[in-house]
Amino acid sequence: MAYTSSLRCRECGREYAIEPLNVCDFCFGPLEVVYDYDAIARVISRERITSGPLTLWRYRDLLPADHNETIDLQAGFTPLIRSRNLAKILGLDELYIKNDSVNPSYSFKDRVVAVASAKALEFGFDTIACASTGNLAGAVAAHAARAGIKAYIFIPADLEHGKVLGAAIYDPTLVAVDGTYDDVNRLCSELADKYPWAFVNINVRPFYADGSKTLGYEVAEQLGWRAPAHTVVPAASGAMFTKIWKGLNEFHDLGLIGPVHTRMHLAQARGCSPIVEAFLDDRFVVKPVRPNTVAKSLAIGNPADGYYALKVIEASGGSGVIAEEEEIAAGIKLLAQTEGIFTEAAGGVAISGLKRLVESGQIKPDEPTVVYITGNGLKTTEVVADVVNPLRIVPTVSSFEEAVAARVGS
Ligand SMILES: *Cc1c(COP(=O)(O)O)cnc(C)c1O
Ligand SMILES: [Zn+2]
């Protein structure tokens with residue numbers, strides 16, 4: 001049984017029973033899950049976690065759903081890789097890459113969907129659905145296929161081919177909407193009122209969002225039970241960013257790690273940076289924008305958790321950083337060519353953001369830093385198509401040697 005007691009409005013504090021509900025009836029504020037931390041503290045320990053499965057369900061005591069094998073694709077517990085080459089180029093002593101691009105459907109969205117869909121089954125839904133910027137589509141479709149339930153997936157019509165195919169392969173009902181993600185999300189909010197479906201990021205959003213806490217827990221555990229000095233996190237709605245912070249702080253409050261002095265840095269692309277612009281202008285009101293960026297998985301112009309993300313930046317002494325559009329492909333290539341990790345455009349944003357933070361002196365050489373790589377590069381091959389330039393030969397040794405000489409000479 002999950003150690004949850006209620007849902008609570010983040011604005012007015014009103015409490016609700018654990019139900020598929022995401023908005024306060026009274027003030028329209030977002031709801032979040034309330035946990036019984038006293039009960040959790042009585043059972044949780046490092047030993048109990050490390051003896052659990054090598055998936056995000058090792059943290060089940062801190063998740064709002066019960067583990068359900070029928071839907072589990074074993075998301076989470078992805079590698080935390082100590083960077084040598086990139087660290088050296090950037091002049092950092094202790095840089096780590098949280099490689100979440102190797103989840104079952106190749107993005108961190110498997111974490112949130114694992115939790116949301118397990119909860120949806122508990123609630124008795126037979127259909128899961130979502131409004132997606134791309135990666136959520138694949139995660140929802142894959143989990144629905146695994147559980148043998150129906151999926152309705154709504155995406156903006158202009159998504160990358162790799163993301164559309166990466167959802168369609170699981171045979172959901174895939175709906176391409178002529179509009180932005182924000183249009184898709186608005187439509188889905190209306191549909192969620194009308195159809196008895198679990199929209200993972202709408203009516204079951206409080207449970208969904210807490211799946212991202214595991215990105216905080218895992219990094220702390222993998223660093224040897226400590227919080228890093230800095231994290232760099234790509235953001236769309238800002239939810240994952242706030243939940244990494246929540247996860248680190250829960251671990252401290254439960255006595256699993258020492259004090260959390262982590263500075264949380266939020267990265268967005270120039271073509272959709274409403275949260276970072278608010279940070280740079282020193283305001284807590286996020287002004288919606290119309291996205292125009294190659295980082296489509298981050299293209300949310302009206303971010304639901306923007307305000308809360310700004311509060312986390314403030315509380316942690318972090319910052320917001322913008323990756324210029326033309327730096328995104330360079331960031332992808334830099335990570336691939338230094339560390340052997342091929343990320344999508346969102347990862348390019350994170351790497352470019354990391355570089356800027358080091359160059360501006362906000363991250364110092366001796367400070368342990370974790371950059372979150374949240375999605376796989378094979379989903380956004382369009383962004384880096386120019387790397388494809390093989391030596392073209394006929395099958396003879398001399399042809400090979402001529403081609404090498406010509407390439408080296410050029
Ligand atoms: C969805 C997504 C994000 C951002 O998640 P939010 O919680 O909406 O901020 C980051 N990276 C990738 C690859 C994503 O798919
Ligand atoms: Zn309220």
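When reading the values below, keep in mind they use all heavy atoms of this one structure, side chains included, and skip hydrogens, waters and symmetry mates. Both counts, for ligands and for their atoms, begin at 1 and track the order of listing.
A salt bridge links E160 with K163; the closest basic N to acidic carboxylate O contact falls under 4.0 Å. Salt bridge status for R356 with E327: present, with a side-chain N to carboxylate O gap under 4.0 Å. Taking a cutoff of 4.0 Å between a charged side-chain nitrogen and a carboxylate oxygen, D61 and R48 qualify as a salt bridge. We find that E382 and K296 are not joined by a salt bridge, their nearest charged nitrogen and carboxylate oxygen being 4.0 Å or further apart.
Less than 4.0 angstrom separates some heavy atom of E344 from each of these atoms of ligand 1: 13 (C). Every atom of ligand 1 with a heavy atom of M240 under 4.0 Å away is listed here by number and element: 7 (O), 10 (C).
Closest heavy-atom approach to atom 8 (O) of ligand 1 among the candidates S237, S107, A235: S237.
An N or O contact shorter than 3.5 Å links G238 to ligand 1 by distance.
Taken from OH in Y217 to NZ in K243, the straight-line distance is 9.0 Å, to the nearest 0.5 Å. Here OG of S105 is found 5.0 Å from NZ of K379. Values are rounded to the nearest 0.5 Å.
In terms of protein heavy atoms, atom 11 (N) of ligand 1 is closest to T374 OG1, 2.7 Å. Atom 4 (C) of ligand 1 has A236 N, 3.6 Å as its closest protein atom, hydrogens excluded (heavy atom only). Of all protein heavy atoms, the one closest to atom 14 (C) of ligand 1 is K109 NZ, 2.9 Å.
Contacts between L298 and ligand 1 below 4.0 angstrom, taking non-hydrogen atoms only, involve the side chain exclusively. With a 4.0 Å heavy-atom cut-off, ligand 1 is reached by the side chain of A346 but not by its N, CA, C or O. At a heavy-atom distance under 4.0 Å, no atom of F241 approaches ligand 1.
Put simply, no part of Y372 is less than 4.0 Å from ligand 1, judged by heavy atoms.
Taking the six-membered ring for Trp and thresholds of 30 and 60 degrees, F207 and F123 have ring planes more than 60 degrees apart, a perpendicular arrangement. Between W197 and Y195, the ring planes lie parallel to each other; the angle is under 30°, not in the 30° to 60° tilted range.
An angle of 100° is found at the Zn ion (ligand 2) between C9 atom SG and C27 atom SG, rounded to 10°.
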